[in-house]
Amino acid sequence: MAKSAIKLKINGAEVEALVEPRTLLVHFLREQQMLTGTHIGCETSHCGVCTVDLNGMSVKSCTIFAIQADGADVITIEGMANADGTLHALQEGFRQMHGLQCGFCTPGMILRAHRLLKENPNPTEAEIRMGIAGNLCRCTGYQNIVKAIQHAAAKLGGREYLEAAE
Amino acid sequence: MNDQTPPTREMREAKLEGMGCKRKRVEDVRFTQGKGNYVDDMKLPGMLFGDLVRSPYGHARVKSIDTSKAMKVPGVLAVLTAKELAGVNLAWMPTLAGDVQMVLADGKVLFQGQEVAFVVATDRYAAADGVEAVEVEYEELPVCVDPFKSMLPNAPELREDLKGKMTGAHGPRKHHNHIFEWTVGDKTATDTAFNTAEVSIKELISYQRVHPSPLETCQCLASFDKVRGELTVYGTFQAPHVIRTVASLISTIPEHKIHVIAPDIGGGFGNKVGAYPGYICAIVASIVTGKPVKWVEDRMENLSSTSFARDYHMTCEIAATKAGKITGLRVHVLADHGAFDACADPSKWPAGFFNIVTGSYDIPTAHISVDGVYTNKAPGGVAYRCSFRVTEAAYCIERGMDILAQKLGMDPAELRLKNFIKREQFPYHSALGWEYDSGDYHTAMNKAMDAIGYKQLRAEQLAKREAFKRGETRDLMGIGVCFFTEIVGAGPSKNCDILGLAMFDSCEIRIHPTGSGIVRVGSKSQGQGHETTWAQIVATEIGIPADNLTVEEGNTDTAPYGLGTYGSRSTPVAGAAIAMAARKIKAKAQMIAAHMLEVHEGDLEWDIDGFRVKGLPEKSKSMKELVWAAYNKPPPGMEPGMEAVSYYDPPNMTYPFGAYFCVMDIDVDTGEYKVRKFYALDDCGTRINPMIIEGQVHGGLTEAFAIAMGQELKYDDRGNLHGGSFMDFFLPTAVETPHWTTDHTVTPSPHHPIGAKGVGESPNVGGVPAFSNAVNDAFNFMGGTHIQMPHDHWRNWEAAHSRGMHG
Ligand code: FES
Ligand code: FES
């Protein structure tokens, strides 16, 4: 199948590539760019494990073609750590609050939470739950994911994280 | 800290990060950075992709398969059908349950989604194109999806391969669609108990067909090296060693030339125990093409072909006195296994450990019988986050208890308290043959009832019901009570094996000269955090900090043989092996210490991270020093090195238990519900890492919530699966999922080296009845005895409607 040239920014680096028009963004990232942190769980835009940040929006990369990302600015989990190599507040929050188990949903969750906190730096529990409703997790029951995001929100906002009482 | 200050005992203890501490997970460092290594992340040079052609019909004759057009699709290199597989004797494969299963359709298809042909191509898109181009001609046959109709005289014969064979792997077959009958207990005594009962109940309690649905589907990457004659298979395997043995048995490749490797696994929940046609096809395709072949299931394939769970239809009868003392239990189960019996139970247990159905109660006599049947549905019957058929059993008895309480006009919690096995009765021999190792049910139940404010809740409910009758509210309040006992940790070699392999588990520990080491275990984490917790056990046992220990699982070349991770067996069996291996290390260290300190071994005592002379605490040797000595200058006559292996054959199962309460409000007019509170008290014995235990409980409760309140793989009369995508199959999001409150008591297992019992599956086992009982409890004052799961809004509305609650 004829291939088209695309040019985009992935995690801050300029990338040029040839893709089939039907290649999904998630396959392009995983198989051509070897950025395998973005996962596939359903390919029908239900589970959210393929979530990346594209031009400042959370996007399910299984539901968009790579060619649609031409000219875009994409962030994947591989681009989340701080410049000095330390973990991003969200990555740290997930670890501290036990917000992951098998880790399969985690990259998508973190990318989604990243955009959520950009839009709403100090969300309530209900806002977090609604904000991540496009991302499924089969392992954690979400409670600790909510705490992980609150933990990160506190850190990013320069506040001390206080765990809500039962 | 000044280097000269000796660390305090607390500091030494804390540095170990041993058992009981909330150690942060080692795995998270890679997972949070997208550096996990799951099967589909792997790429080998020259790798090809396989994709499956699947049956659109529930039951049909395959008249012809034409692959010629597919072979012309750019990128397609090969198409396998049953014909090609028959050439290598692999058109059929054995199941773990003693049945056989078609790898690719051999003459007919028996369920929608069944594997028909395997297309091999240069990439996944070309493989999908090839699948579209394979032409299969079918002739539809009459379909049977209802287990209650499968044994009618005129039911279509599904398994023609079994024609005339009236004996199966588990004894006689009564009908051409019958698989087995399994009975346990004293029938005569039980019948007598019912004939003389003051009160009895009888109810058909169905546990619908559901699916484990880990977010990562089943997948593998097979690579056959023709020159060496060696096969490497990376795959989503909860039991990699079993897969290696099975692969060797069916392929005739010697077992030492097969390398099975399970890398990181994105959730399992029982879905990844068995061997599936896709794996076999990928292996054969790699042998045929000489290239590595990857096979990755998509979500619809996952839901429609690999491993459903439950589909148990249980007729539960309980006999009791008027005062509420249970005198007998009788259960018949109709078990729908689909087209092939592909359960992953221990081989001698065709209905798993369903005979734990007497639950937490002292029931003097009981009898159960289970009939397994074939239908035109996907094969399986896996243990979805439960020990084998234990969640079905717990649901049966816990619904039954509520129904009995209703009939007696007794409070369901009070009925349970009245019938519990008492603390002094342990070890307790149940009427259906188990020896419960330990328990303290009354303490747990009373603690839970106090914590939730049970009495006040009942008072509130009573007031609400009155208000409802007066027309002042349209909300119903339900209080779900569940007290479950699990049986996990399969299991003792005297009664548990898989294909003849005793269900032990194993650990090998190597401590390096400088005092750090590697711990290799036969289990396989799929999110349970073994890399974190296994090191904690070793740290406590031998005084080497958990951070200095690498835990490795999943590589069959390096890990000792183990039976894998499912049925909450890792902590009870592998966890015990780890402690035993560590104790061998410690024993050797003690001998070295005695030599170095010039005392008798018996004069030494263990002190956190080393040995000291009794009464002379300043004379001591740390583990680090002892390990160095083992390599540097072992005592005369002692072999150098610091290694140990343990294969642990558990003397008994373990019996975790718990008290769960659910408070739910239901809107009569819409059927919508709100879980106001869910309280889960678990007793899993010794707690290795409370943070991980709590996480397991949260996750298991969420799965239980999904099952009780919405999940169902439903088939229509023509065998079409409804619910084969995440559009239709309910997986709760963060919005629907309730808030969980967890609590615990600790009753250590008396026979386990560290007293641990396993916890990962308790919340699923106990959660489902708690939710279902809450719904039933909300409605039962208006009549009726049992509402079938799943309790989605529609069914709740219907329950209200049929009780005349809509005016
Ligand atoms: S894989 Fe994209 S939403 Fe599930
Ligand atoms: S951690 Fe396993 S799916 Fe979320």
Side-chain angles (χ1 to χ4, degrees), chain A residues 1 20 22-23 27 30-31 34-47 49 76-81 87-88 90-96 98-107 110 125-126 128-146 166, chain B residues 22 24-25 27-38 40-43 74 123-125 212-217 264-269 296 298-300 525-529 691-692 694-703 705 725-727 731-735 737 739-741 763:
Chain A
M1 202 171 283
E20 278 188 25
R22 65 176 178 173
T23 300
H27 288 140
R30 289 176 49 81
E31 286 167 16
M34 297 312 287
L35 295 170
T36 53
T38 305
H39 298 147
I40 302 172
C42 69
E43 298 163 308
T44 51
S45 64
H46 290 101
C47 76
V49 303
T76 70
I77 189 68
E78 289 87 351
M80 282 299 289
L87 293 184
H88 182 273
L90 274 162
Q91 293 171 316
E92 192 53 41
F94 271 70
R95 176 148 196 259
Q96 288 303 326
H98 190 28
L100 66 151
Q101 290 179 28
C102 79
F104 203 72
C105 70
T106 313
I110 288 180
E125 168 163 358
I128 292 174
R129 285 183 179 263
M130 190 53 97
I132 60 168
N135 293 64
L136 297 175
C137 174
R138 289 291 284 151
C139 300
T140 65
Y142 303 107
Q143 200 155 311
N144 289 343
I145 292 182
V146 171
E166 275 288 322
Chain B
K22 297 185 177 183
K24 299 286 179 258
R25 297 201 334 160
E27 296 87 342
D28 295 359
V29 177
R30 63 177 189 277
F31 290 155
T32 55
Q33 300 188 74
K35 296 291 181 204
N37 182 35
Y38 303 90
D40 200 12
D41 299 345
M42 292 187 212
K43 201 173 184 177
D123 67 89
R124 63 176 91 226
Y125 288 74
S213 300
L215 283 189
E216 177 202 39
T217 60
D264 288 328
I265 297 183
F269 317 122
V296 175
D298 70 23
R299 181 54 59 186
M300 279 169 139
S525 179
Q526 313 119 44
Q528 294 89 337
M691 175 190 84
I692 287 185
E694 188 192 69
Q696 288 284 314
V697 174
H698 287 177
L701 289 174
T702 305
E703 290 187 346
F705 169 70
S725 81
F726 281 169
M727 186 74 114
L731 294 191
T733 73
V735 174
T737 302
H739 182 87
W740 311 115
T741 303

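To find a chain, count down the sequence lines: A is the first, B the second, and so on, and within it residues start at 1.
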If you count heavy-atom pairs under 4.5 Å between each of [options] and chain B, which one has the most?
options	value
A/Gly99, A/Gly134, A/Cys139	A/Cys139
A/Leu87, A/Ile132, A/Leu35	A/Leu87
A/Pro107, A/Cys42, A/Gly131	A/Cys42

Any donor-acceptor N/O pair, [X] side chain to [Y] backbone, under 3.5 Å:
X	Y	result
A/Arg138	B/Leu731	no
A/Gln143	B/His698	no
A/Tyr142	B/Pro732	yes
B/Arg25	A/Arg95	no
A/Arg129	B/Ala734	yes

Can you name the closest pair of heavy atoms from [X] and [Y] and give their distance?
X	Y	result
B/Thr702	A/Gly141	OG1-CA, 2.9 Å
B/Thr32	A/Ile77	O-CD1, 3.3 Å
B/Thr733	A/Ala133	CG2-O, 3.4 Å
A/Leu100	B/Phe31	CD1-CB, 3.5 Å
A/Cys102	B/Gly267	CB-N, 3.3 Å
A/Phe104	B/Tyr38	N-OH, 3.5 Å

If we only count heavy atoms from C-beta on, is the [X] to [Y] side-chain gap below 4.5 Å?
X	Y	result
A/His98	B/Lys24	no
B/Arg299	A/His46	no
B/Gln528	A/Gln101	no
A/Gln91	B/Gln33	yes
B/Glu694	A/Asn144	yes

Part of [X] lying under 4.5 Å from any heavy atom of chain A:
X	result
B/Met300	neither
B/Asp264	neither
B/Gln526	backbone
B/Phe269	side chain
B/Arg30	neither
B/Ser213	both
B/Pro212	backbone

For this session: Verify the neighbour count for atom CE of B/Met42: are there more than 12 heavy atoms of other residues, nucleotides or ligands below 6.0 Å?
Result: yes

Seminar exercise, completed: So OG1 of A/Thr106 and CD of B/Glu27: to nearest 0.5 Å the spacing works out to 11.5 Å

With a 4.5 angstrom heavy-atom cut-off, which part of [X] approaches chain B: side chain, backbone, both or neither?
X	answer
A/Thr23	both
A/Gln96	both
A/His27	side chain
A/Met80	neither
A/Arg30	side chain

Among [options], single out the residue with the greatest number of heavy-atom pairs under 4.5 Å to chain A.
options	result
B/Val296, B/Asp123, B/Ile692	B/Ile692
B/Thr217, B/Val697, B/Val29	B/Val29
B/Lys35, B/Lys22, B/Lys43	B/Lys43
B/Tyr125, B/Phe726, B/Phe705	B/Tyr125

